There are 4 protein chains.
Amino acid sequence: MTIHQFSPSVYYNTIGSHEPVLKIQDGDTVVTTAVDYGGMDSSGKVVAKPPNPMTGPFYVEGARPGDILAVHLEHIYPNRNWGYTTNVIAPNVLDPAFISQLPASETIRWNVNLEQGVAQLTDPSPALSNLKLSLGPFMGCFGVAPSDGQAISTATSGPYGGNMDYRGFVTGVTAYFPVFAKGALLHVGDGHAVQGDGEIVGTGIEISLDISFTVKVLKDKTIYWPRGESQSHIFTVGNARPLDQAVQHATTEMVRWLHDDYGLSMIEASNLLGQCVEYDLGNMFDPAYTMVCKLKKEFLA
Amino acid sequence: MTIHQFSPSVYYNTIGSHEPVLKIQDGDTVVTTAVDYGGMDSSGKVVAKPPNPMTGPFYVEGARPGDILAVHLEHIYPNRNWGYTTNVIAPNVLDPAFISQLPASETIRWNVNLEQGVAQLTDPSPALSNLKLSLGPFMGCFGVAPSDGQAISTATSGPYGGNMDYRGFVTGVTAYFPVFAKGALLHVGDGHAVQGDGEIVGTGIEISLDISFTVKVLKDKTIYWPRGESQSHIFTVGNARPLDQAVQHATTEMVRWLHDDYGLSMIEASNLLGQCVEYDLGNMFDPAYTMVCKLKKEFLA
Amino acid sequence: MTIHQFSPSVYYNTIGSHEPVLKIQDGDTVVTTAVDYGGMDSSGKVVAKPPNPMTGPFYVEGARPGDILAVHLEHIYPNRNWGYTTNVIAPNVLDPAFISQLPASETIRWNVNLEQGVAQLTDPSPALSNLKLSLGPFMGCFGVAPSDGQAISTATSGPYGGNMDYRGFVTGVTAYFPVFAKGALLHVGDGHAVQGDGEIVGTGIEISLDISFTVKVLKDKTIYWPRGESQSHIFTVGNARPLDQAVQHATTEMVRWLHDDYGLSMIEASNLLGQCVEYDLGNMFDPAYTMVCKLKKEFLA
Amino acid sequence: MTIHQFSPSVYYNTIGSHEPVLKIQDGDTVVTTAVDYGGMDSSGKVVAKPPNPMTGPFYVEGARPGDILAVHLEHIYPNRNWGYTTNVIAPNVLDPAFISQLPASETIRWNVNLEQGVAQLTDPSPALSNLKLSLGPFMGCFGVAPSDGQAISTATSGPYGGNMDYRGFVTGVTAYFPVFAKGALLHVGDGHAVQGDGEIVGTGIEISLDISFTVKVLKDKTIYWPRGESQSHIFTVGNARPLDQAVQHATTEMVRWLHDDYGLSMIEASNLLGQCVEYDLGNMFDPAYTMVCKLKKEFLA
């Protein structure tokens with residue numbers, strides 16, 4: 001169980017079977033950083049190009065296609081005191097006939113107080129001058145190399161994870177990814193200090209991150225979509241367009257999980273989910289949308 | 001401010017410009033009941049036919065097209081000690097290639113303890129024998145007569161409300177509907193004792209209800225989709241297929257609300273919603289799906 | 001086999017269980033007219049209000065729920081020498097981010113030469129001054145009363161037909177509708193002199209029509225969506241949003257048809273359709289979109 | 001203008017910035033072959049693995065990001081006398097509640113008579129024993145390296161082309177792709193001898209091909225989606241899910257084309273397309289669906 005201090009110097013804009021930046025063992029922890037969406041680091045210096053330059057990939061010894069890579073998020077927190085968002089709701093989230101009523105989008109800046117854990121507009125209009133948001137820092141984009149040697153833009157997502165922009169991937173959560181390539185090849189990055197459901201302006205408060213995570217390989221266990229576990233819930237993640245299909249992926253994956261690991265029949269899983277399931281809208285902005293299917297762990301006791 | 005005790009004897013399976021069962025004044029309260037989805041009343045007697053027989057319509061004096069009808073839900077609670085659900089997740093919520101792995105759906109029964117406020121499967125398999133769910137009683141289907149003299153099945157929903165199956169319409173919430181017909185013609189019913197997000201088995205725990213509500217007419221104020229207000233949130237409701245379009249309707253309606261009533265510019269509304277918005281999946285089963293766009297009232301202070 | 005000359009004086013903007021304007025026998029022919037989308041008749045006089053005022057309903061003796069009403073289109077042709085369209089592509093047919101580049105829509109006029117069978121812009125810009133379109137006159141909106149006593153706006157469509165805006169419903173075609181109400185209650189109207197696939201500007205060349213049709217009741221035969229037969233093809237019509245669902249309805253209905261009436265197994269139907277099926281995009285503008293699944297009759301010999 | 005005879009020995013299952021197999025000049029012609037979906041060549045020998053192993057990439061000298069690569073399909077024809085299909089309609093093309101009525105899918109064989117230009121089931125059931133289909137050979141999957149150094153599975157498609165499975169890409173057609181990588185890096189393959197609209201069984205009649213094509217670089221001309229030109233039509237191709245979005249991409253690209261190259265205003269393009277546009281359903285099976293927007297060239301004179 002080694003703790004690796006890793007300082008990135010190369011960044012990829014695709015998630016794929018790139019040359020690993022570090023080889024680690026099952027059980028190891030990595031302490032590292034990630035630049036923001038636009039490639040700016042903790043000092044605000046541009047060291048990579050958009051979109052979402054990734055730290056990694058990390059090669060996990062022993063991980064093989066057909067395994068699961070568990071990534072426990074030990075610590076995900078901004079490492080600078082400002083971020084930025086766009087300032088207009090994205091066209092695909094609005095009625096087509098209403099879109100023309102919104103102005104063109106610009107980038108605006110937010111102050112991020114790391115000690116108090118709050119964000120505020122740097123230059124608010126009077127109506128929003130009291131707006132003070134609690135931080136909920138997470139990684140918008142992370143995942144493992146996709147199947148078939150693909151290298152896919154960090155603008156989008158899929159069964160391998162990627163740009164899910166789901167605000168549930170916070171400190172303390174464990175994410176599970178299907179392994180498609182030898183060594184899994186984990187990529188991490190795309191810090192958001194705060195974000196609403198759906199990432200409807202097309203950004204969270206984009207910011208560079210301190211990241212530490214611990215990996216674990218679960219051998220010979222096939223999953224089809226990312227899964228996660230928080231203090232309170234288990235959850236599954238569907239990445240696709242339209243939202244309907246994202247829900248279908250997430251729900252099917254949850255049924256599989258309840259069936260395979262918790263021993264529920266299809267009917268038992270249906271009875272439980274039917275009256276207890278929750279859904280989160282991860283993002284409705286990226287090329288693939290993200291819907292999350294959640295179940296409180298208290299129902300699994 | 002009269003309180004009307006109303007005992008229904010006629011039930012409609014469409015929401016439309018039917019003969020009113022009662023005329024009430026702006027500000028009045030109605031205390032009534034509703035049978036369940038299948039037409040069974042508090043004693044379990046079948047007194048109407050499915051789907052979702054409605055109590056009403058109630059004609060509200062003074063309500064005219066172009067107004068809003070506000071319906072404050074004073075009390076929504078089951079009036080019998082059992083309900084029923086189907087027991088298999090609906091095909092449209094699952095991956096098409098996975099559907100064949102589920103058995104045919106049957107109706108099963110739940111015990112509903114009105115005093116303790118919990119529901120349990122009447123005849124659980126061992127794996128679910130400890131499942132005890134807190135009640136969250138709400139109306140699955142309610143709304144006002146739709147535009148243009150239409151009469152639309154209580155299986156579906158639209159700008160006028162209808163079968164939204166959103167579990168947020170509980171006691172204490174105020175719902176707002178656009179008025180399309182003289183007198184608004186409010187219909188209420190379709191009790192659910194408990195339901196998960198999305199109504200993914202196609203039912204909540206279907207049950208007959210005691211209902212009391214108070215109406216208020218907001219003159220000359222146009223809204224396009226149902227709105228609501230709870231203790232903690234304001235929310236807007238989009239009813240359409242696919243989910244993407246339901247999100248578009250709900251989000252656009254929320255932007256209109258923030259702009260027209262709270263005086264925010266499009267950019268201010270975007271900045272606020274972008275980092276603070278929440279979405280609920282009302283239903284992904286009915287002919288029209290339902291997505292709800294929510295904002296915490298604390299952000300509007 | 002009576003031929004009825006019927007001159008409409010009442011028009012409905014919903015398709016529903018309205019009082020019949022005429023009772024006819026199985027096998028009868030009706031010769032009538034329809035006003036255009038906006039309610040203008042052959043002389044350009046406004047005699048009804050939008051959208052799509054219907055001629056009818058015609059009550060067909062002997063038609064009962066569970067039967068099919070076959071409507072053979074004997075003659076569908078404009079009865080005046082001008083029509084109109086809107087002049088901007090509808091927002092829902094364009095990329096959301098591109099919509100703002102189009103101006104607001106206006107109504108423009110077309111000359112329709114009934115003898116030569118061509119349409120031309122009344123006031124063309126130079127670039128379109130040579131544009132001369134062959135007429136393809138059809139009914140955009142027609143169908144039978146929907147299920148459960150519903151009355152549904154002529155802006156939309158469903159299993160009962162309605163505003164399908166499919167340019168295949170021309171003279172010589174037979175349309176088949178499932179009967180939901182006693183007497184079927186056929187409504188006809190919404191003339192289009194010309195239209196592209198998808199009705200992407202939201203109109204065809206809107207025009208009043210001469211219409212004659214012959215009805216036939218096919219007893220005790222259940223279909224789920226409108227069907228049709230032309231000289232060359234059989235076809236099925238799915239009306240829903242999104243297009244994916246419209247395709248699903250149309251394809252499923254075609255499989256049922258091949259199975260039930262042509263005796264093909266599911267595999268035979270698949271082999272045939274897989275390599276021979278054609279699809280038409282009826283409309284992608286109305287609340288329900290329309291996709292048509294077609295098969296050449298030569299493959300059924 | 002060299003004619004290159006190229007015999008492939010390496011095959012890629014992604015379209016990406018792979019090492020070129022051949023460098024050619026602007027204006028050159030390549031005469032080559034492609035194996036089928038499963039990697040079988042003209043002799044039926046498996047020489048590559050599924051899905052859709054590509055011949056290429058071909059590096060076109062002078063092609064740079066921001067250019068267009070025009071690919072004129074000189075000759076696309078099967079080079080063996082048999083192919084194969086699956087034999088059950090894909091679940092995503094059917095109503096979710098109907099899917100369970102179809103059996104599991106198997107692969108079946110077709111005889112392909114190259115001289116007569118017809119295909120017949122090798123082992124037909126009696127009902128399909130007379131089925132004789134005219135060949136319409138085309139490439140299901142071809143395109144150029146995608147943006148940002150991505151390498152994307154030949155199972156799907158995008159702005160760069162890929163697995164569009166559109167049966168319009170036949171001999172005589174010119175396809176246009178946006179160039180994203182130096183040399184464009186053209187990949188070709190995935191022969192279909194026959195296919196219905198939509199590729200609804202998930203395959204055409206899969207077959208190996210003789211292919212010859214001529215490339216041309218159009219400098220400094222940006223397009224966003226593949227375009228094409230046949231004897232009769234110009235067309236644009238949208239690849240996305242759901243179909244609605246594919247239509248949006250294709251229509252927007254057609255409007256851009258009419259505006260930029262034919263000098264039509266947005267209103268002129270709308271008037272023309274509104275009454276004259278046609279759409280083809282390329283595929284509704286692959287991860288990205290394909291819709292094609294077409295306009296008869298006679299309207300552009």
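Lettering of chains follows the sequences in order, A, B, ..., and the numbering in each one begins at 1. What you see is a predicted model, and the numbers here were worked out from it, not measured in a lab.
Both the backbone and the side chain of B:Leu273 have a heavy atom closer than 4.5 Å to some heavy atom of chain A. Using a 4.5 Å cut-off between heavy atoms, B:Arg241 does not touch chain A at all. When heavy atoms are compared at a cutoff of 4.5 Å, A:Phe98 approaches chain B solely by way of its side chain, counted from C-beta outward. Contacts between A:Thr86 and chain B at a heavy-atom distance below 4.5 Å involve the backbone alone (N, CA, C, O).
When B:Leu264, B:Leu131, B:Leu243, B:Val201 are compared by the number of non-hydrogen pairs under 4.5 Å with chain A, B:Leu243 comes out ahead. Interface summary for chain A: among B:Glu268, B:Glu278, B:Met266, B:Met291, the most heavy-atom pairs under 4.5 angstrom belong to B:Glu268. Taking B:Val93, B:Asn92, B:Thr203, B:Leu272 one by one and counting their heavy-atom pairs under 4.5 Å with chain A, the maximum is reached by B:Val93. The greatest number of non-hydrogen atom pairs below 4.5 Å with chain A, out of B:Gly238, B:Gly202, B:Ala269, B:Ala127, is found for B:Ala127. Interface remark: of the candidates B:Asp95, B:Thr251, B:Ile89, B:Asp95 forms the most heavy-atom pairs closer than 4.5 Å to chain A.
With contacts defined as side-chain heavy-atom distances shorter than 4.5 Å, the pair A:Ile200/B:Tyr279 qualifies. Contact annotation: the side chain of B:Met284 approaches that of A:Asp244 to within less than 4.5 Å [non-hydrogen atoms, C-beta and beyond].
Taken to the nearest 0.5 Å, the CD1 atom of A:Ile99 stands 7.0 Å off from the CD atom of B:Gln248.
When the heavy atoms of residues 292-301 of chain A are compared with those of chain B, the residues falling under 4.5 Å are A:Phe299, listed by number. At a heavy-atom separation below 4.5 angstrom, chain A is approached by B:Thr252, B:Val255, B:Arg256 within residues 252-263 of chain B.
Proximity of a side-chain donor or acceptor of B:Asn87 to a complementary backbone N or O of A:Ile267 within less than 3.5 Å is not detected.
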Donor-acceptor contacts under 3.5 Å from residues 101-112 of chain A side chains, at least two apart:
| from | atom 1 | to | atom 2 | distance (Å) |
| --- | --- | --- | --- | --- |
| A:Trp110 | NE1 | A:Thr85 | OG1 | 2.9 |
| A:Asn111 | OD1 | A:Thr122 | OG1 | 3.0 |

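Screening residues 226-252 of chain A for ring pair (Phe, Tyr, Trp, His ring centres under 6.0 Å), with sequence neighbours left out, gives A:Tyr166-A:Phe235, A:Phe169-A:Phe235, A:Trp225-A:His249.
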